[in-house]
There are 2 protein chains.
Amino acid sequence: MPRRRKTDPDQALTAAALLFWREGYHAVGTRQIEAETGVTRFTLQTAYGGKMPLFLKALDHYLDRFEATLAPRMTDGRLETLARWFEANVPPEDLAPGAPFGCLMVNSICEFDGGDAGVSARAERFFTMLRQGFGEALAAIERNGAMAPGLDIEARTQLLTACAVSMNIAMRAGSAGGDPAAIARAAAVMVRSWAPADCGPHI
Amino acid sequence: MPRRRKTDPDQALTAAALLFWREGYHAVGTRQIEAETGVTRFTLQTAYGGKMPLFLKALDHYLDRFEATLAPRMTDGRLETLARWFEANVPPEDLAPGAPFGCLMVNSICEFDGGDAGVSARAERFFTMLRQGFGEALAAIERNGAMAPGLDIEARTQLLTACAVSMNIAMRAGSAGGDPAAIARAAAVMVRSWAPADCGPHI
DNA sequence: TATATATCTAGTCAATCGGATAGATTGTCA
DNA sequence: TGACAATCTATCCGATTGACTAGATATATA
């Protein structure tokens, strides 16, 4: 019976995520949301419950994409795959192709501090995803016997997580933050240095 | 001849930096600045030129402190000093004792993207400071013969910078981001793993 | 002590914010 | 086809924003 919305809800959510990603939560107004996502200010209230609920839905959408596209690509038991994960497509390219906006989740963490429970919950999901992804990838590599001893998996997971997060900050800083690819290269070099060597050079 | 300001300008700048640090630029109002820093809305306009100029001055003040207190503490040619730098007092403790606010500069980078030239200029100073600090520390260590070959200094600098930045993000994420000290420990372990070993374990 | 001047107090301003409302419009199902 | 329901359009609202302005106040110098 009802009338159809102007914009497909899923597409609108993608546009909203991109908007918040680029400009931040506070800097985006409801009128701007209407103009750039097609979600009417009326629908924003009736269907989503306001600006913040829409933001959280967009954040969930973003994390879903992140989990679906990036997380699985790193675990195949090979160290080289992990190294290339950094060198290749770290930001969610399907959401913002070539977008130098960093990471919506990292940006949101900075903006909200611990001030919003909803954001904090997503942040926990994000970090859990990252650490679990890296942790499982490293565990698989170790099971394959493709990793030299030294640092334990916990420490290595922390280092990879740090590189991933820091790359996004560098991206958001633009040229001021240096080339994000330089961090990616360093991470990849570090990962490759974890390869077992019969009596090769030390790290 | 003139009347004295209610609050000492330097002290007010420190308070302003702390305020922006905790809440972000957009979330802080001029009335809140007046209440918490002692800088009157009148003085904010006449002496500083508005909210953004005050913010940039506070950011400069923050970076000055950062440069004065943290940067010099890492270069003495010993790997262990660098490792302990991470484990000890990474956030500028004299500005915000025990403050889980992360880093004002990192937060500002996220908030402004590349949208403000003044902020971008400070970001460049920040990253230059960090990379130069780590780079010189590593170079001194290498000259001391206290570092094993393997990754080059450039890559190691990138890794240390990534750890430092990421620690601040974890701090700002609160419990959702995991223990920031875990990143610090991982960074310290990594640094110590760069020590030369006659024929010790590989990294 | 008188004067000059920087600052403070208090209030105003237009602009914008997120949210709410009323009436017109659209599309589906009975 | 007629009625119902969800959405759209177009305002309107109170609150808050950064910035500005008079008039009062304080302080160092002449």
Side-chain angles (χ1 to χ4, degrees), chain A residues 1-59 104 107-108 111-113 115-119, chain B residues 1-59 104 107-108 111-113 115-119:
Chain A
M1 313 187 191
R3 179 178 180 174
R4 283 177 301 180
R5 285 189 204 165
K6 270 198 304 185
T7 314
D8 168 62
D10 194 77
Q11 180 178 343
L13 220 50
T14 301
L18 184 57
L19 191 56
F20 287 124
W21 192 359
R22 175 160 33 97
E23 317 220 356
Y25 176 79
H26 284 109
V28 171
T30 54
R31 290 155 184 85
Q32 192 179 359
I33 293 176
E34 178 169 18
E36 299 197 26
T37 72
V39 174
T40 310
R41 291 192 317 133
F42 178 88
T43 304
L44 175 63
Q45 298 301 327
T46 56
Y48 295 97
K51 182 183 163 187
M52 176 60 79
L54 171 68
F55 171 72
L56 292 178
K57 270 198 183 296
L59 195 49
L104 172 59
N107 298 347
S108 302
E111 185 166 1
F112 286 94
D113 199 25
D116 183 275
V119 174
Chain B
M1 326 181 186
R3 177 178 183 173
R4 285 178 302 184
R5 285 189 204 165
K6 272 198 305 186
T7 314
D8 168 64
D10 194 78
Q11 182 178 343
L13 221 49
T14 301
L18 184 57
L19 191 56
F20 287 124
W21 192 359
R22 176 159 33 94
E23 317 219 356
Y25 176 79
H26 284 109
V28 170
T30 54
R31 289 153 184 86
Q32 191 179 359
I33 293 177
E34 177 168 20
E36 300 196 27
T37 73
V39 174
T40 310
R41 304 221 310 284
F42 178 88
T43 304
L44 175 63
Q45 298 300 329
T46 56
Y48 295 97
K51 181 183 166 187
M52 174 61 79
L54 171 68
F55 171 72
L56 292 178
K57 271 198 182 300
L59 195 49
L104 172 58
N107 297 346
S108 302
E111 186 168 0
F112 287 93
D113 196 26
D116 184 274
V119 174

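Note on naming: letters A, B, ... go to the chains in the order of the sequence lines (proteins, then strands), and numbering restarts at 1 for each one.
One can place CD of Q45(A) at 15 Å from C1' of dC8(D), the figure rounded to the nearest angstrom. Between the P atom of dT7(C) and the CG atom of D8(B) lies a distance of 13 Å, rounded to the nearest Å. Atom OH of Y48(B) and atom P of dT7(C) are 9 Å apart (whole Å). The distance between atom NZ of K6(B) and atom P of dC8(C), rounded to the nearest whole Å, is 6 Å. Straight-line distance from the CZ atom of R31(A) to the P atom of dT11(D): 13 Å, rounded to whole Å. Regarding E34(A), its CD atom lies at a distance of 13 Å from the P atom of dT11(D), rounded to whole Å. Rounded to whole angstrom, the span from the CZ atom of F42(A) across to the C1' atom of dA24(C) amounts to 12 Å. Between the P atom of dG18(D) and the CG atom of L54(B) lies a distance of 12 Å, rounded to the nearest Å.
By the 4.5 Å heavy-atom criterion applied to side chains, E111(A) and H26(B) are not counted as neighbours. Within the 4.5 Å cutoff, side-chain heavy atoms of F55(B) are placed close to those of S108(B).
Taking only side-chain nitrogens and oxygens, T40(B) never comes nearer than 4.0 Å to OP1 or OP2 of dT7(C). Between K51(A) and dC17(C), a side-chain N or O to OP1/OP2 separation shorter than 4.0 Å is absent.
Heavy atoms of T43(B) sit under 4.0 angstrom from primed sugar atoms or phosphate atoms, though from no base atom. Contact annotation for V39(B): no contact, since no heavy-atom pair falls under 4.0 Å across all strands.
The existence of a salt bridge linking K6(B) and E34(B) is excluded, since no basic side-chain nitrogen approaches an acidic carboxylate oxygen closer than 4.0 Å.
Distance alone, capped at 3.5 Å, is enough to place a donor-acceptor pair between the T37(B) side chain and the I33(B) backbone. At least one donor-acceptor pair under 3.5 Å links the side chain of D116(A) to the backbone N or O of G118(A).
Annotation: of the two residues near DNA chain C, T46(B) and L44(A), the 5′-most nearest-nucleotide partner is T46(B). Place G49(B) and R4(B) on DNA chain D by their nearest nucleotides, and G49(B) ends up nearer the 5' end.
No N or O donor and acceptor, one from the side chain of R41(B) and one from the base of dG18(D), sit under 3.5 Å apart.
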